[in-house]
Amino acid sequence: MIRRSFVLGALAAGAFAPAAGAHTLYPQWVAYRRKHLLIGCHRKDPETYRLCQSLVEALNHAMPKAQARVARAPHPQRLASLIGTDQMELAVLSAPDAVKMAAGAGRFAPYGRIALTRLLELGDHLLVAEAGFPVRHGWMATSALHDSGLVRPLTAEAPGDLHAGAQAFADGLSLDDLPND
């Protein structure tokens, strides 16, 4: 009887092992991510948290329907994991971390190359978006944050490709000029 319980317990543990390795076991978290515009930051660089809080405040003032929220990870590698698995679309990173994450270099090597584009420059940090972030959403976020005082003018020297929505905003295109994606 004890052996049978052990075998059944081992089988049950094996069945749930893949789910235990996922970022979340809770379906509500998936719904939460769809409902809110999450902007990632991490504890290893406290400036990312401060910047995220400012961005969220500005976005919620300009675009309340976005329901922007700060999502704080323990370290930038967790952000790489979340962005690389399409669980997060935006993050605030230092410029060197953004370059290394996009290249899959250094501490980001286990996650491979992650297709990042930049939306905004925030001093020594960047607001980056995963490459699949919709063009219209990028334009709206860039537009909403443009007058917040948080954003530096875009420069060609900044690392990473400019997101198509941010480029459209910089080029003076209106939201109506953009494709529905």
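Computed from heavy atoms alone, side chains included, the values below leave out hydrogens, waters and symmetry copies.
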query = Does the side chain of Arg43 come within less than 4.5 Å of Tyr49's, by heavy atoms?
reply = no
ask   = Are side-chain heavy atoms of Leu119 and Leu145 found at a separation under 4.5 Å?
value = no
query = Of all residues at least two apart in sequence or in a different chain, which pass the ring pair (Phe, Tyr, Trp, His ring centres under 6.0 Å) check with His125?
reply = none
inquiry  = Applying ring pair (Phe, Tyr, Trp, His ring centres under 6.0 Å), can you list everything that pairs with His163, at least two apart in sequence or on another chain?
reply    = Phe133
side-chain contact (heavy atoms from CB on, under 4.5 Å) involving Asp176 - partner list, sequence neighbours excluded = Ser174
key: side-chain contact (heavy atoms from CB on, under 4.5 Å) against Met63, all qualifying residues, sequence neighbours excluded   = Leu59, Ala66, Met140, Ala144
request  = Mind checking the CG-CD spacing from Leu90 to Glu130? Nearest 0.5 Å is all I need.
outcome  = 8.5 Å
request  = First locate atom CG of Asp124, then atom OG1 of Thr48, and finally report the distance between them rounded to the nearest 0.5 Å.
outcome  = 13.0 Å
ask   = For Arg50, which residues count as a salt bridge (charged side-chain N to carboxylate O under 4.0 Å, His left out) partner, sequence neighbours excluded?
value = Glu47
key: Thr142 side chain vs Gly138 backbone, donor-acceptor pair below 3.5 Å   = yes
Under 3.5 Å donor-acceptor, Arg136 side chain and Leu175 backbone = yes
Table please: side-chain donor-acceptor pairs of residues 97-108 below 3.5 Å, with sequence neighbours left out.
unit_1: Asp97; atom_1: OD1; unit_2: Arg107; atom_2: NH2; d: 2.7
unit_1: Asp97; atom_1: OD2; unit_2: Arg107; atom_2: NH2; d: 3.0

query = Does a sphere of radius 6.0 Å around NE2 in His61 hold more than 12 heavy atoms from other residues, nucleotides or ligands, not counting ones at 6.0 Å or beyond?
reply = no
